[in-house]
Amino acid sequence: MLLPPAGIAAHAMAVYDTAGRLLSAASGIRQPAYGALLCPYNVFLIGISKMIERFLTQTKFTSVEDFKQNLHFKVPDNFNFAYDVMDAWAMEAPDKLALLWTDDEDNCIRFTFKDIKEQSDRAASYFSSLGIGRGDVVMLILKRRYEFWLSMIALHKLGAVAVPATHMLTTHDIVYRNTSAGVKAIICVGDDYVLEQVAASRKDSPTLKTLVSIGPNVPEGFHDWHKEWNGVPPFERPGLVNDNDDIMLLYFTSGTSGEPKMVAHDFTYPLGHLTTGVFWHNLSEDSIHLTVADTGWGKPAWGKLYGQWFAGAVVFVFEHQKFTAEKIMRKIEQYRITSFCAPPTVYRFMIHEDFSKYDLSSLRYCCTAGEALNPAVYDRFFELTGIRLMEGFGQTETTMTLGTMPWMTPKPGSMGMPNPQYDIDLVRADGTSCEDGEKGEIVIRTGKGKPLGLFKGYYRDEEKTRQVWHDGLYHTGDVAWRDEDGYYWFEGRIDDVIKSSGYRIGPFEVESALMTHPAVVECAITGVPDDIRGMVVKATVVLGKDWKDKAGDDLVKELQNHVKRETAPYKYPRIIEFVDQLPKTISGKIRRVEIRDKDSRKKD
């Protein structure tokens, strides 16, 4: 059985408040009096915590215009999220629940803000004893283990650079990251596969000095976190931990082609996520928030760390070995989750579940990001829950740049409107601004300075940085259009746009049309070279389990006709291939480039 760190209480299906009162044997936390909102639009529920008043000149907003005109940050010198937010919570609300951790075996460990401070102090002292200090680069391969949160806060306290990484990396992947970033230490889960890959990377990683395992297995050559950290001296805060422009985080982008780039964020990056958690997620101090994401990617910073703890919400973590919609929905029911965020793929699987088997009445707010949301998924989820999905958009290089805020009425399939901390525009290939209804590239104007939340650049790669950030514009590489109300609509990556018979066809619009057919669970639209049309549209389709035995010419024709009815006929897929699964990056993004490459090899 998994054991909590010293001084932390573990409860199997039961959590108690500081007075020893049983909060809930089923859920593990006391609930507010309100449940799901079965209303035509989401209501702005949050009560702003006093923490937010320290960093914003205005903390409550009632309209798009109010938000646009009056969102202004107060950025302290030498800001450090660990000290200025987490330790401040520990001082002012020490017994408030901060982190609720569970796993597949129904183990439950709760951390108050006081616990987070004490345990992160101990971790910082332990890391310091291993020679880790300001500016040192530390890779974290920790899945969804609670040690990830302790490590992140501890590394912030030391002024070190955290490099979150997925547990699916091979030795080659780890060596590439070690040598590219100058990794000094790796802290990892004690799983055999991860330990083997990490250990094998050592001989080809000259900067790598220290390996730490959190268990259960701790092979020779690895430090034993839970054995060794008990004897460390009390933590003493260093004299100067960081400047605001010091690098705090390095993320390796998943990359649909080529080696991943190193995205560098400075110590003000968490402040950029204040709008993510407080306003987009609509969180308050009585929220229990679950974001479905592995800690090896940027999404946990969006949904399981910074913005949520600015709001004073409970971060709910579910450590599971294999994703199923049924598992997630059971946890929402069991622990009475109030706020939920997941990529559209998760919602696509959820809506195929029998909702009558679950009590999801605690949910009052749901968001989605990571890829474009098909309107059919939005409509079905609303039909089943009465909750409208609030979509957001951003990149590893940014925080949330576009979003649907609580004071907005969502439009199914739209990313929402610009987050006013960024100067967002749509531009043509010549750099001029697009009109409403015209497709263009999403860019961030930086002529007045780097906005809060935007990356510093690609670490150690000025050339790649200049390719995307020049002449006062950061180029996202994403194509969208803006309607007359100011809502943005995603079309695809620049290199995903299909040119066929003189038409420019965005993959997302065809995918959205296909997704309205009950047979389709997932799909990817790509272009296939054609001697007459230049390119023709191809759909690679994953069918629902009740439709798999119907795959064939008749279903191909049915899906083609369906798309012709749902959107302009010239967009219909002339080629349809049925597959069991779509190729994806290890972060879950569809690799359309792999489908295109496979088709090109077939043609050759």
Side-chain angles (χ1 to χ4, degrees), residues 254-257 323 325 343-349 351-352 370-377 380 413 479 490-501 503-604:
S254 54
T256 55
S257 61
F323 165 81
T345 297
V346 170
Y347 289 105
R348 283 198 286 269
F349 284 104
I351 62 176
H352 287 276
E371 57 191 13
L373 173 69
N374 305 103
V377 177
R380 181 58 177 158
V479 177
F490 184 77
E491 286 290 324
R493 296 288 295 171
I494 286 179
D495 53 3
D496 285 337
V497 173
I498 302 163
K499 299 177 182 178
S500 180
S501 299
Y503 295 105
R504 290 174 59 86
I505 303 169
F508 179 65
E509 54 193 333
V510 186
E511 290 168 359
S512 294
L514 268 174
M515 285 295 299
T516 61
H517 193 285
V520 180
V521 173
E522 281 192 297
C523 62
I525 296 298
T526 53
V528 176
D530 181 81
D531 293 337
I532 298 174
R533 296 177 177 84
M535 302 281 282
V536 294
V537 176
K538 176 190 174 182
T540 305
V541 176
V542 177
L543 294 173
K545 58 185 178 181
D546 296 333
W547 290 82
K548 289 185 180 295
D549 59 351
K550 300 176 183 177
D553 293 342
D554 289 343
L555 185 55
V556 166
K557 196 68 176 178
E558 181 178 338
L559 292 175
Q560 288 173 331
N561 290 333
H562 179 78
V563 172
K564 290 178 183 178
R565 290 191 298 269
E566 292 291 317
T567 189
Y570 69 84
K571 301 175 186 177
Y572 88 92
R574 294 177 181 272
I575 302 171
I576 295 181
E577 179 183 4
F578 299 114
V579 297
D580 290 330
Q581 60 184 14
L582 297 176
K584 296 181 179 180
T585 67
I586 49 181
S587 64
K589 296 179 181 178
I590 296 172
R591 279 180 53 85
R592 292 180 182 85
V593 66
E594 186 172 322
I595 298 174
R596 289 196 297 265
D597 289 346
K598 180 180 176 182
D599 290 336
S600 295
R601 289 194 297 270
K602 285 181 181 177
K603 190 175 179 63
D604 294 339

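No experiment lies behind these values; they were computed from the predicted model shown.
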Could you check whether any side-chain heavy atom of C523 comes within less than 4.5 Å of a side-chain heavy atom of L514, counting everything from C-beta outward?
yes

How far does CD of E522 sit from CZ of F349, to the nearest 0.5 angstrom?
5.0 Å

Going by side-chain contact (heavy atoms from CB on, under 4.5 Å), I575 matches just one of T526, V528, T540. Which one?
V528

Tightest non-hydrogen contact, residues P507 and I525, listed as CB-O, 3.6 Å

Please report the C-alpha distance between L373 and F490 in whole Å, then the side-chain angles of each, then the deciding distance to 0.1 Å, and finally whether the side chain to side chain contact (heavy atoms under 4.5 Å, CB included) criterion is met.
CA-CA 9 Å; L373 173 69; F490 184 77; over 6 Å; no

Sorted by chain and residue number, the ring pair (Phe, Tyr, Trp, His ring centres under 6.0 Å) partners of H562 (sequence neighbours excluded) come out as H517

Would you indicate whether the side-chain heavy atoms of I590 and K584 approach each other to under 4.5 Å?
yes

Just wondering, do P573 and V510 contact through their side chains at under 4.5 Å, heavy atoms?
yes

Residue pairs meeting salt bridge (charged side-chain N to carboxylate O under 4.0 Å, His left out), one or both in residues 550-563, sequence neighbours left out, come to none

How long is the straight-line distance from CG of L543 back to CG of D580, given to the nearest 0.5 Å?
9.0 Å

Which residues pass the side chain to side chain donor-acceptor pair (under 3.5 Å) test with S512, not counting sequence neighbours?
N374

For K538, give me all partners under salt bridge (charged side-chain N to carboxylate O under 4.0 Å, His left out), at least two apart in sequence or on another chain.
E577, D599

Name the atoms and distances for all side-chain donor-acceptor pairs under 3.5 Å in residues 563-571, with sequence neighbours left out.
| unit_1 | atom_1 | unit_2 | atom_2 | d |
| --- | --- | --- | --- | --- |
| T567 | OG1 | K571 | NZ | 3.4 |
| K571 | NZ | E509 | OE1 | 2.6 |

Residues that V556 engages under side-chain contact (heavy atoms from CB on, under 4.5 Å), provided they are two or more places apart:
Q560, I576, F578

Partners of P343 by side-chain contact (heavy atoms from CB on, under 4.5 Å), sequence neighbours excluded?
V346

For R380, salt bridge (charged side-chain N to carboxylate O under 4.0 Å, His left out) partners two or more places apart:
E383

Salt bridge (Lys or Arg N to Asp or Glu O under 4.0 Å) partner of E594, chosen from R591, R596, R592
R591

Can you see which heavy atom on W547 is nearest to which on P518, and at what distance?
NE1-O, 3.7 Å

